[in-house]
Amino acid sequence: HVTLPILYIADWFLFRERRTCKWYYPIASIGFPVAYVLFLLIQAVILKFDSSILIPTTTTPLIYPYFFVNLDTQGVSGVLMWVGILSAAFVAVGYLLFGLDRLGKKDNI
């Protein structure tokens, strides 16, 4: 959650071939996070929304590893709001990187 994003961005700026991003990449990039949220919510249904099952060695409920998917505290509308906010933020950052990619020269590798 800290090191990997920093290394990914550094790799993107230092080693990536420029001007190859497609316009839809930022939108497609939220596919996996949204699928993960759906997985967590399906898991919550399977575990009958039992928040007493904890992630080993922590006090975090297994079915809600992040506050923004916790149906107990956020409710359905809160979870949907957070997923929308985070999706919009990811897409916005994606288009920022897309714009930066368009500014660079195409590498001749």
Side-chain angles (χ1 to χ4, degrees):
H1 285 89
V2 176
T3 306
L4 188 59
I6 292 169
L7 291 175
Y8 179 80
I9 291 170
D11 177 69
W12 189 86
F13 277 110
L14 296 173
F15 304 111
R16 200 179 156 296
E17 185 177 350
R18 301 292 178 240
R19 300 185 60 78
T20 58
C21 284
K22 306 285 189 253
W23 67 269
Y24 58 87
Y25 284 5
I27 296 168
S29 71
I30 64 169
F32 181 77
V34 169
Y36 181 62
V37 168
L38 290 173
F39 164 78
L40 291 175
L41 296 176
I42 291 168
Q43 176 182 266
V45 169
I46 291 169
L47 295 175
K48 298 179 179 34
F49 303 98
D50 186 358
S51 296
S52 67
I53 304 169
L54 303 179
I55 295 174
T57 70
T58 72
T59 58
T60 304
L62 176 66
I63 59 175
Y64 305 123
Y66 301 103
F67 78 92
F68 60 89
V69 291
N70 189 329
L71 289 170
D72 293 343
T73 59
Q74 302 294 327
V76 173
S77 63
V79 169
L80 291 175
M81 177 192 71
W82 274 108
V83 169
I85 289 169
L86 292 171
S87 294
F90 289 162
V91 170
V93 169
Y95 277 113
L96 174 67
L97 293 173
F98 175 77
L100 290 173
D101 180 67
R102 293 289 152 198
L103 294 175
K105 291 182 180 180
K106 187 166 184 164
D107 295 340
N108 293 324
I109 296 176

What about Val37 and Ile30, same hydrophobic cluster or not, with Ile/Leu/Val/Met/Phe/Trp/Tyr joined at side-chain heavy-atom distances under 4.5 Å?
no
Contact summary for Glu17 and Thr20, nearest pair of heavy atoms
O-OG1, 3.2 Å
What side-chain hydrogen bond (donor to acceptor under 3.5 Å, both in side chains) pairs are there with at least one residue in residues 43-54, not counting sequence neighbours?
Asp50-Ser52, Ser51-Asp72
Which hydrophobic side chains are connected to Ile6, either touching it within the sub-4.5 Å cutoff or through other members that do?
Val2
One should read off an interatomic distance between Tyr64 OH and Phe49 CZ, to the nearest 0.5 angstrom, of 5.5 Å
Students should find that the hydrophobic cluster of Leu7, defined by side-chain heavy atoms under 4.5 Å apart, otherwise consists of none
On the 0 to 90° scale, with breaks at 30° and 60°, tag the Tyr95-Phe98 ring pair as parallel, tilted or perpendicular.
perpendicular
What is the distance from atom CD1 of Ile53 to atom CG of Leu47, rounded to the nearest 0.5 Å?
4.5 Å
Can you list, by chain and residue number, the hydrophobic cluster partners of Ile46 when the side-chain cut-off is 4.5 Å?
Ile42
How long is the gap from CD1 on Ile85 to CZ on Phe68, to the nearest 0.5 Å?
11.0 Å
Donor-acceptor pair, distance only, cut-off 3.5 Å: does the side chain of Ser29 make one with the backbone of Pro26?
yes
Is any side-chain heavy atom of Leu71 less than 4.5 Å from a side-chain heavy atom of Leu41?
yes
Chi angles and distances behind the side-chain contact (heavy atoms from CB on, under 4.5 Å) call for Tyr36, Val69
CA-CA 10 Å; Tyr36 181 62; Val69 291; over 6 Å; no
To the closest 0.5 Å, what do you measure between CG (Leu62) and CG (Leu40)?
9.0 Å
With sequence neighbours left out, the residues meeting side chain to side chain donor-acceptor pair (under 3.5 Å) with Tyr66 are His1
Please list all pairs passing the side-chain hydrogen bond (donor to acceptor under 3.5 Å, both in side chains) test where one or both residues lie in residues 4-13, with sequence neighbours left out.
none
